[in-house]
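Read the structure below first, then the notes.
So that the names make sense, note that chain A is the first sequence line, chain B the second, and so on, each numbered from 1. As the structure is a prediction and not an experimental result, all values here were calculated from the model.
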Amino acid sequence: MAYWLMKSEPDELSIQGLEKLGQARWDGVRNYQARNFLRAMAVGDTFFFYHSSCPEPGIAGIGKIIQAAYPDPTALDPDSHYFDPKASPDKNPWTAIDVAHVETFRHVLKLDYLKQQTALAQMPLVQKGSRLSVMPVTAEQWAAVVALKP
DNA sequence: GCCAACGTTGGC
DNA sequence: GCCAACGTTGGC
């Protein structure tokens, strides 16, 4: 069982939105490194739900994988913001997964606070210039964040 | 295969 | 809105 962190803009999907829905498709990832991590996810894996590009960037809660990698339908939808003209039903390079809500933190664990934690120094999340939107989390890092949980 | 130009991410 | 940093594209 592996641990992950995934970023989402709360305007698109927030932890509160996921809580309301119960489950959701995680799609629109258009970066190969992040996509490869999506493909490595297994049903039952858990992830930190990170809010990005918002007033309070940080870890907002926890979700879990309920459906492993499958072709991302938004890549084939001309009306989608994530449409990829180079993708076809036969050759769709992009991947989606399905996730479910597990927990919403009482408040967001803010990025600047996470940056102060030496246990998290190796996470791409806190490293300068890193833009990775899907990343693995070690068991130690997972435990360190859970210990900070509000 | 190199690398400049361009586009995107994401914090601030 | 700015801009640093990264990823992608495309000419050569």
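Judged by distance alone, the side chains of A:Asp90 and A:Ser88 never bring a donor and an acceptor atom under 3.5 Å apart. A:Ser52 and A:Arg131 are not linked by any side-chain donor-acceptor pair at a separation below 3.5 angstrom, with hydrogens and angles left out of the test.
The side-chain heavy atoms of A:Pro10 and A:Glu56, taken from C-beta on, include no pair separated by under 4.5 Å. Annotation: side chain of A:Phe37 is in contact with side chain of A:Leu132 (closest heavy-atom distance under 4.5 Å).
If you measure from atom CG of A:Asn31 to atom C1' of B:dG10, you get 14 Å, rounded to the nearest angstrom. Taking atom CG of A:Leu125 as the reference point, atom C1' of B:dT9 lies 13 Å away to the nearest angstrom. Rounding to whole angstrom units, CD of residue A:Gln127 and P of B:dG10 are separated by 15 Å. For the pair A:Glu12 CD and B:dG10 P, the interatomic distance rounds to 12 Å; values are reported in whole Å. Atom CE in A:Met123 sits about 14 Å away from atom P in B:dG10, given to the nearest Å.
The shortest distance between the side-chain N/O atoms of A:Lys110 and the OP1/OP2 oxygens of B:dC12 is not below 4.0 Å.
Each of A:Thr74, A:Leu76, A:Val29 was scored for a side chain to side chain contact (heavy atoms under 4.5 Å, CB included) with A:Tyr82, with one residue passing: A:Thr74. Screening A:Ile59, A:Leu13, A:Ile62 for a side chain to side chain contact (heavy atoms under 4.5 Å, CB included) involving A:Phe49 leaves a single residue, A:Leu13.
Separation of the A:Trp94 and A:Tyr70 ring centroids does not fall under the 6.0 Å cut-off.
Other residues, nucleotides and ligands contribute only 12 or fewer heavy atoms inside 6.0 Å of the CD atom of A:Gln122.
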At under 4.0 Å between heavy atoms, how does the protein contact nucleotides 3-8 of chain B? Give one character per nucleotide, 5' to 3', with B, S or -.
----BB
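Listed by residue number, the members of residues 49-60 of chain A with any heavy atom below 4.0 angstrom from DNA chain B are A:Tyr50, A:Ser52, A:Ser53, A:Pro57.
Among the protein residues, A:Lys86 comes within range of the sugar-phosphate backbone only, with heavy atoms under 4.0 Å from sugar or phosphate atoms but none that close to a base.
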